[in-house]
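Chain A is the first sequence line, chain B the second, and so forth, proteins listed ahead of strands; every chain is numbered from 1.
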Number of protein chains: 2
Amino acid sequence: MSGPVTLSDVARVAGVSLATASRAINGSATRTVRSELREKVLAAAAELQYAPNANAQAMARGQTTALGLIVHDIADPYFSSIAAGVTDAAESAGLMVTLGSTQHDPEREVALLQVLHRQRARAIVVAGGRHDDEEVNTALSRALASYRMAGGTVAMISQPVFDVDTVAIDNAESAGQLAQALVGRGYRQFAVLGGPKDHLTARERRDGFAAALAGQGLQVDDQDTIECAFTRDGGYSGMQRLLAGRTSAQVVFAVNDVMALGAMAAARDAGVEVGRGIGIAGFDDIATLRDVTPGLTTVQVPLVAIGALATNLALVHHEAPAQHGGLADAEHLTTRRDGTRLVRVPGSLVMRDSTPGPATSPARIS
Amino acid sequence: MSGPVTLSDVARVAGVSLATASRAINGSATRTVRSELREKVLAAAAELQYAPNANAQAMARGQTTALGLIVHDIADPYFSSIAAGVTDAAESAGLMVTLGSTQHDPEREVALLQVLHRQRARAIVVAGGRHDDEEVNTALSRALASYRMAGGTVAMISQPVFDVDTVAIDNAESAGQLAQALVGRGYRQFAVLGGPKDHLTARERRDGFAAALAGQGLQVDDQDTIECAFTRDGGYSGMQRLLAGRTSAQVVFAVNDVMALGAMAAARDAGVEVGRGIGIAGFDDIATLRDVTPGLTTVQVPLVAIGALATNLALVHHEAPAQHGGLADAEHLTTRRDGTRLVRVPGSLVMRDSTPGPATSPARIS
DNA sequence: TTGTATGCGTTATCAT
DNA sequence: ATGATAACGCATACAA
């Protein structure tokens with residue numbers, strides 16, 4: 001009967017006490033152990049293939065080595081890029097990432113938060129836009145508060161609607177710049193694949209786009225603002241509906257890239273050429289876009305860096321975290337009244353071939 | 001001074017013993033608690049915002065609720081799709097996924113395995129092709145054996161080169177079918193973007209492709225077999241090199257889709273039209289391909305299902321795991337002599353517009 | 001049905 | 001420098 005190998009076994013084989021074995025293997029901060037004994041302990045550990053029990057260590061130390069990450073869908077390139085940044089930063093800090101996927105269900109988000117709380121994750125990164133749903137937000141807020149009260153730290157990548165450290169993308173402003181750039185290319189008739197009505201990210205992008213157009217005396221017809229899921233398939237079906245109703249839009253703004261990709265596919269399937277026939281623009285600049293033709297006009301968001309930044313924000317308290325391509329500059333970092341930090345990440349316009357300008361130049365604006 | 005809320009606190013507030021509180025909150029298998037007391041305990045727990053310490057539970061129960069997942073790169077759509085299947089299946093089993101990313105470094109794979117071992121993860125899924133590197137494989141084999149000896153279970157998504165449950169993709173056979181289909185479309189001159197020399201997945205696909213061609217009296221010139229990284233950028237630079245040397249290839253087989261996407265980009269950048277100018281084919285049918293034009297000819301592999309299957313394989317011992325679109329049929333499931341199971345997953349050909357047939361039909365085969 | 005007491009594997013405090 | 005021993009928070013065998 002072997003059973004699991006414990007530190008006691010190692011100590012016994014090495015002929016030392018439990019305490020000495022612990023110190024030899026871990027290198028206690030205060031105590032030190034004679035190299036002669038250390039060798040013996042290490043040899044015994046190797047011989048027995050001893051692997052320290054991290055759960056027991058967590059108990060004794062009162063601290064785990066896990067970092068939680070909650071995303072909406074890990075297969076979505078938006079989230080998988082963020083996840084890459086998070087795992088990278090976490091592993092640099094000696095932590096492992098515990099991944100939860102909500103499948104776009106806000107209630108699962110709360111449930112996952114509770115699981116990570118029970119796991120005593122050192123910190124939690126929550127990625128993904130918030131919803132305008134009081135009930136869900138209340139539950140989420142409670143779960144967050146409970147976790148933080150127990151000593152956990154949180155960083156969100158979303159709108160700054162909770163009192164936790166937050167990385168917020170400048171959705172409205174960037175969408176506005178995109179609108180202006182499209183106007184600059186000659187477009188005058190716009191449609192918007194707007195995502196779910198109560199999805200805050202979608203709303204900010206919609207509204208920022210519309211506001212900038214309004215500043216130019218332009219607007220999006222109500223019937224040309226399509227409500228749809230925040231996914232690739234949502235973009236596809238939304239575009240289908242748009243094309244079915246005889247729209248006069250020259251260019252379509254999809255509030256994220258995966259939706260824009262769905263829209264491009266729908267256009268192709270309907271025999272409409274993207275670029276010449278109708279313009280399409282997205283938001284995020286997901287990695288996938290490198291291999292899409294025509295190139296999709298979009299707003300570039302440094303997703304991997306944002307993931308790493310959020311991780312460090314959650315890990316490093318009350319000071320500016322390490323640099324992330326300038327993202328954590330004083331310029332973008334503010335400390336709110338409740339002490340939590342907010343980093344605003346600007347997007348940058350990327351004009352590509354999907355919006356070359358309208359085929360037939362419309363009349364000048366009056 | 002509050003400090004962390006423990007079960008003792010809940011018990012005290014509820015006016016019951018520790019044991020009763022434990023049973024009320026967990027619902028012990030054998031014992032039961034009077035509903036009156038249970039209510040009181042639950043109320044106390046809610047009032048105190050009690051969250052059970054999963055580490056302590058793990059200690060007491062001798063079992064954790066974590067499942068490890070090791071991938072090469074979570075931002076790669078191949079792995080993020082597998083990860084989606086794994087997280088899905090894991091959460092169905094009440095487990096959380098602990099994610100490790102190797103960044104294509106085999107040594108990190110061993111290190112991550114050890115970390116997950118220390119974490120006492122219930123099971124570990126290792127995804128990603130193996131290398132023909134004895135030193136690395138020995139270290140990995142040791143780490144796997146050590147983990148399994150301690151009671152952990154493992155499933156790999158790769159070549160069946162270790163004695164653990166394995167899901168293996170029929171690389172050689174599928175690549176062969178692809179070759180035949182390309183010949184059927186009239187191609188006679190082939191090039192291969194072959195990935196790293198010692199990468200087994202790449203090798204199997206290369207060799208399967210070449211063998212099928214040989215069966216038709218055809219072959220790939222040595223100078224038309226390009227060695228490159230197993231990534232999108234590897235495919236890009238490989239294709240650049242291929243085009244730089246004046247190749248006479250009519251069609252290029254990239255041993256995975258992300259490489260094929262890189263190759264398509266390189267062709268475009270070089271002014272060569274994919275499809276008419278030169279054919280390109282890939283392998284995997286990653287989700288990204290839906291939005292690529294022209295459509296990429298490839299071998300479809302059910303990645304999400306494979307992730308879920310591997311997870312169940314790791315979780316369910318000594319019997320056939322739940323169905324996964326027929327993947328675990330007796331037809332594909334074999335039990336090896338060492339008792340480990342092997343599921344061979346066939347790929348299925350998907351011919352798309354990237355390989356319409358050669359522009360100029362070559363002379364008939366003699 | 002409820003309570004008492006022990007053990008899980010490790011760290012850390014205290015002697016020595 | 002090393003060794004006993006008491007936590008850490010919970011589950012459970014045993015006693016009542």
Atom [atom1] of [X] to atom [atom2] of [N]: distance rounded to whole Å?
X      : N      : atom1 : atom2 : answer
B:L18  : C:dT1  : CG    : P     : 19 Å
B:R38  : C:dG3  : CZ    : C1'   : 18 Å
A:D9   : C:dC8  : CG    : P     : 11 Å
B:R118 : C:dT10 : CZ    : P     : 11 Å
B:N55  : C:dT11 : CG    : P     : 14 Å
B:M59  : C:dT11 : CE    : C1'   : 12 Å
B:N53  : C:dC8  : CG    : C1'   : 13 Å

Next on the checklist: What I want to check is whether an N or O donor and acceptor connect the side chain of B:R23 with the base of C:dG3 at under 3.5 Å.
Outcome noted: yes
Item to check | CZ/A:R142: more than 12 non-hydrogen atoms of other groups inside 6.0 Å | outcome: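 For A:R142, atom CZ is not crowded (no more than 12 foreign heavy atoms under 6.0 Å).
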Next on the checklist: Could you check whether atom CD of B:Q103 has more than 12 heavy atoms from other residues, nucleotides or ligands sitting under 6.0 Å from it?
Outcome noted: yes
Next on the checklist: Does A:T65 form a side chain to side chain contact (heavy atoms under 4.5 Å, CB included) with B:R118? I'd like the steps, not just the answer.
Outcome noted: CA-CA 11 Å; A:T65 171; B:R118 299 210 284 248; over 6 Å; no
Under 4.0 Å, heavy atoms only, any strand: does [X] hit a base, just the sugar-phosphate, or nothing?
X     : answer
B:S22 : base
A:N26 : sugar-phosphate
B:L37 : sugar-phosphate

Checklist entry - Is the closest side-chain heavy-atom distance between A:L95 and A:R122 below 4.5 Å? => result yes
Checklist entry - Do B:L7 and B:S22 come close enough that some side-chain heavy atom pair is under 4.5 Å? => result yes
Next on the checklist: Given C:dG3, C:dG9, C:dT11, identify the nucleotide with an atom nearest to the side chain of B:A19.
Outcome noted: C:dG3
Checklist entry - Does A:R61 have a side-chain nitrogen or oxygen under 4.0 Å from the phosphate oxygens OP1 or OP2 of C:dT11? => result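 It does, given that an N or O in the side chain of A:R61 lies less than 4.0 Å from OP1 or OP2 of C:dT11.
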Checklist entry - On DNA chain C, nearest-nucleotide positions of B:S17 versus B:R120: which is more 5'? => result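 The residue whose closest nucleotide sits nearer the 5' end is B:S17.
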Item to check | Covered region of DNA chain D, 5' end to 3' end, by chain A [heavy atoms, under 4.0 Å] | outcome: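 Listed 5' to 3', the contact boundaries are D:dA1 to D:dG9.
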Checklist entry - Got a sec? Which of residues 44-52 of chain B come in under 4.0 Å of DNA chain D, heavy atoms? => result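 The stretch gives B:Y50, B:P52 as the residues lying under 4.0 Å from the strand, ordered by number.
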Next on the checklist: Quick check for you: to the nearest 0.5 Å, what is the distance between A:N312 atom CG and A:D165 atom CG?
Outcome noted: 11.5 Å
Item to check | Sidechain N-carboxylate O distance under 4.0 Å for A:E109, A:R130 | outcome: yes
Item to check | Stepwise side chain to side chain contact (heavy atoms under 4.5 Å, CB included) test for A:Q119 and A:T98 | outcome: CA-CA 9 Å; A:Q119 227 97 290; A:T98 299; 4.2 Å; yes
Checklist entry - How far apart are the closest heavy atoms of B:S146 and B:H117, and which atoms are they? => result OG-CE1, 3.3 Å
